[in-house]
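Only a predicted model underlies this, so the values are computations on that prediction, with no experimental measurement involved.
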Amino acid sequence: MVAAGRKRRSHAATAVVPPPPEQEPSPPQLTSLLALLASSVSLALRFASDRDLLLHPSQMLELDPLVLSAARAVSRLLAMLPLHLQTLTLTSISLSPPTPSPPLPSSWFLRLLSASHSLPDSAWRDAFRMSRPAFFQLLHSLALSDPAAAAASSSSSLALPPDHKLGAALFRLAHAAPARAVARRFGLPSPAVAASAFYEVCRAIADRLAVLLDLGAPDRIARAVPGFCALSLPNCCGALGYTSIGDAVIAQALVDAEGRFLDVSVGWDTAMAPAEILPRTKLYSSQSLVLANAPHGELIGGSVPRYFLGPACCPMLPWLVTPYNDMDAKNEMSKESIFNHVHSHGMRLVRNAFSHVRSRWRLLDECWKGECQEALPYVVIAGCLLHNFLIKCGEPAPEEVQEGAAAELFSDFEGEKDKEGERIRDVLAAHLSLVSRNR
């Protein structure tokens, strides 16, 4: 009994022994740790500032908020300490030897301008989605007002150097960069100024480059015909397609065989079907003038006037040829299957054009809400005009193309079919079938 009692008391005594407490850092240790942390954050900020020309813009935009958040966290941590520990920490930081570095210009853009000739060609294209020569050619074409002119006039133009306005706008459009990050990169006074510069440049693009979207310009349609003839689509003048932008609006576009936009209509509600949108567009009301008085193509099965290719979600019209539906998919050598195959190649042109625009200008796929959504159509038009401008300059297409971005599925049109449109399609299908057999 006595032994058992001792055993129980011994067990109880062992159970109540607490673990040894962890030693809290002493004030000197705490100040040393904080000083080391603050110094590390300072060096990271300096690295981001000194080496930002060697980083891809996407890397900069990811690194900047992380380093700035760390700096703010250190500042908040210091503010939570007693005053005497704050003093000790700041004193410790001030006693650390400063890292010598050469003086730098005030903004990333100024450093890019001064170092452009020593940087690889890809640096400018990574930043603005175009080469340096194309950038300055665009700057000349837009004729943005300079600070002196803005100050002397009563216009609302910002008193910023034109190259800063254009660079800030293209940087934001290309990388979906927040206005705060744009202001910091270009040395602008505030995010509001960066946003104002962006919209001013978009307006200038829409005004000064509008001729690149003038469907009624002399020979614009005639120049599109040979490219489609090379695709075995005689007398075709363009391919019409649709896409949803930023899940906010639908865009309708007509492109030529080179992928240039011939006509763009943006701002349609996403609840609308393409068959509802088309009759409300300028293209619908002006196509008779654009295609009028043009020679017909004489094929074996009959004559074919000039026409546009259209998707299955649109109605068949005398000037808009859509693919066959409800046909036997197993018979690949039928004239309907052959026509649909060639038709799909033509429609790929408009899908690729949309994909190039969205891959080059990533801001378009951001979520647009409120007042910003009202400006989205103008930004889309600016992106399409820049697309045409860069093709004209011989700039390469984006290497990374968002294939699925413009592949939205719209329901097939199920209304009445136009007899003349069906006749034209049948003539084209018979022609393509004959061409296919002769090959």
Side-chain angles (χ1 to χ4, degrees), residues 47-64 101-144 160-177 181-188 194 197-198 201-202 204-205 208-209 212 258-261 352-365 379 382-403 405:
F47 171 83
S49 176
D50 288 356
R51 307 297 179 187
D52 53 6
L53 293 182
L54 303 178
L55 298 175
H56 191 277
S58 61
Q59 295 173 318
M60 293 192 307
L61 292 171
E62 290 179 6
L63 180 63
D64 274 2
S101 58
L104 295 172
S106 58
S107 73
W108 167 84
F109 184 60
L110 287 176
R111 294 198 298 279
L112 180 66
L113 285 173
S114 61
S116 289
H117 297 293
S118 61
L119 292 173
D121 294 339
S122 60
W124 201 275
R125 185 170 281 110
D126 288 341
F128 305 114
R129 297 291 191 259
M130 63 184 70
S131 65
R132 180 185 171 97
F135 179 95
F136 284 99
Q137 184 176 342
L138 177 61
L139 183 66
H140 175 75
S141 299
L142 297 182
L144 299 171
L160 297 173
D163 56 355
H164 281 61
K165 291 181 187 178
L166 180 58
L170 292 179
F171 190 87
R172 186 180 185 196
L173 187 60
H175 304 287
V182 174
R184 186 166 58 251
R185 290 287 164 194
F186 290 83
L188 307 184
F198 174 74
V201 170
C202 285
I205 292 171
R208 303 296 172 86
L209 301 185
L212 299 179
E258 303 300 323
R260 297 181 184 86
F261 289 98
N352 288 345
F354 276 133
S355 294
H356 288 160
V357 168
R358 300 171 76 154
S359 297
R360 183 176 267 132
W361 312 121
R362 296 298 176 88
L363 184 64
L364 298 181
D365 276 334
V379 179
C384 293
L385 285 168
L386 288 172
H387 171 84
N388 284 6
F389 174 82
L390 293 175
I391 290 178
K392 183 180 179 182
C393 292
E395 292 286 294
E399 294 181 0
E400 298 180 4
V401 178
Q402 298 178 359
E403 292 290 349

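- For the side-chain contact (heavy atoms from CB on, under 4.5 Å) test with Pro162, the passing option among Val201, Leu142, Leu144 is Leu144; the others fail.
- A pairwise comparison of heavy atoms in Arg358 and Arg362 identifies O-CD, 3.5 Å as the closest pair.
- Annotation: the span from Cys384 atom SG to Leu209 atom CG amounts to 12.0 Å, rounded to 0.5 Å.
- Of the inter-residue distances, the one linking Ser107 atom OG with Leu113 atom CG reads 8.0 Å to the nearest 0.5 angstrom.
- The line from CG of Leu170 to NE2 of His175 is 9.5 Å long, rounded to the nearest 0.5 Å.
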Exercise for review: I would like to know whether Asp163 and Leu139 meet side-chain contact (heavy atoms from CB on, under 4.5 Å); could you show each step before the answer?
Suggested key: CA-CA 7 Å; Asp163 56 355; Leu139 183 66; 4.0 Å; yes
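- For the atom pair NZ of Lys165 and CG of Leu188, the computed distance is 11.0 Å after rounding to the nearest 0.5 Å.
- Closest approach of Val182 and Ala194 over heavy atoms only: CG1-CB, 4.0 Å.
- Side-chain contact between Phe354 and Val357 is absent, with no heavy atoms from C-beta onward closer than 4.5 Å.
- Between Ala197 and Ala169, the closest heavy-atom pair is O-CB, 4.3 Å.
- In this structure, Arg208 and Ser141 approach most closely via the heavy-atom pair CB-O, 3.8 Å.
- Ring geometry for Phe109 against Trp124 counts as tilted: the plane angle lies between 30° and 60°, on a 0 to 90° scale.
- Under the 3.5 Å distance criterion, the side-chain polar atoms of Asn388 are left unmatched by any main-chain donor or acceptor of Arg260.
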Just list the side-chain donor-acceptor pairs under 3.5 Å for residues 126-133, sequence neighbours left out, or say none.
residue	atom	partner	partner atom	Å
Arg129	NE	Arg360	O	3.3
Arg129	NH1	Asp126	O	3.1
Ser131	OG	Ala134	N	3.3
Ser131	OG	Glu395	OE1	3.4
Ser131	OG	Glu395	OE2	2.9
Arg132	NH1	Ser116	OG	2.8

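- Side-chain contact between Phe389 and Ile205: absent, with no pair of heavy atoms (C-beta onward) separated by less than 4.5 Å.
- Residue His387 comes nearest to Gly259 through the heavy atom pair NE2-O, 2.9 Å, listed as atom of the first residue, atom of the second, then distance.
- Applying the side chain to side chain contact (heavy atoms under 4.5 Å, CB included) criterion to Leu363, with sequence neighbours excluded, gives Arg172, Leu173, Ala176, Phe198, Glu366, Trp368.
- In this structure, NE2 on His356 lies 8.5 Å from CD1 on Ile391, to the nearest 0.5 angstrom.
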